[in-house]
Amino acid sequence: MTKNIYLPFGEGPRSCIRERLGLMQSLAGLAAVLSCYSVEPAPQTVRHPRVDPTSNGVQSVIGGLPLMFKLRSK
Ligand code: HEM
């Protein structure tokens, strides 16, 4: 696998000291949202989104990634 292409937490001696906590919190937040909502593509969502080559650190998609959140029945 090619290393050092995707660096959301940096790399080396000054990289993020709480990478695992950040990942765990992100997953917990995602699980909390998905427990309440179903997520679907929106009418304007593109099938093959293009990554913005000028984004740094955290990747972003050109034009964003519109999604539909539908409240799940309990
Ligand atoms: C998704 C969540 C997070 C992301 C994406 C993130 C990302 C980053 C990045 C990119 C850096 C700079 C690395 C570098 O300069 O090479 C950094 C540094 C740092 N992060 Fe995070 N971080 C996250 C969560 C956290 C959390 C939860 C904490 C603490 C509770 C934390 C504490 C720090 C500290 C103290 C540094 C400075 C390390 C140093 O300069 O030696 N981060 N983080």
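Just so you know, ligand 1 is whichever comes first in the structure, and atom 1 is the first atom listed for that ligand. These numbers come from a predicted model, not from an experiment.
Cluster membership for Leu30 and Phe69, using ILVMFWY side-chain heavy atoms within less than 4.5 angstrom, is shared. Cluster membership check: Leu67 does not share its hydrophobic cluster with Val61, using side-chain heavy-atom separations under 4.5 Å among Ile, Leu, Val, Met, Phe, Trp and Tyr. One hydrophobic cluster, built from ILVMFWY side chains closer than 4.5 Å, holds both Leu71 and Val33. Linking ILVMFWY side-chain heavy atoms closer than 4.5 Å, directly or via other members, places Val46 and Ile62 in two distinct hydrophobic clusters.
Residue contact check: Gly10 has heavy atoms under 4.0 Å from atoms 10 (C), 13 (C), 16 (O) of ligand 1. Short contacts between ligand 1 and Arg18, defined as distances under 4.0 Å to a heavy atom of the residue, involve ligand atoms 26 (C), 27 (C), 28 (C), 29 (C), 30 (C), 31 (C). Counting atoms of ligand 1 from 1 in the listed order, those under 4.0 Å from a heavy atom of Ile17 are 32 (C), 33 (C), 34 (C), 35 (C).
Closest protein heavy atom to atom 4 (C) of ligand 1: Phe9 CE2, 3.3 Å. Ranking the protein heavy atoms by distance from atom 21 (Fe) of ligand 1 puts Cys16 SG, 2.3 Å first.
Remark: Leu34 CG to Leu27 CG distance equals 10.5 Å, nearest 0.5 Å. For the atom pair Ser38 OG and Lys70 NZ, the distance stands at 8.5 Å (nearest 0.5 Å).
Ligand 1 has an N or O atom lying under 3.5 Å from an N or O atom of Arg14, backbone or side chain.
The residue from Pro13, Ser15, Pro8 that puts a heavy atom closest to atom 38 (C) of ligand 1 is Ser15.
Under the 4.0 Å distance rule, the nearest protein heavy atom to atom 7 (C) of ligand 1 falls inside the cut-off.
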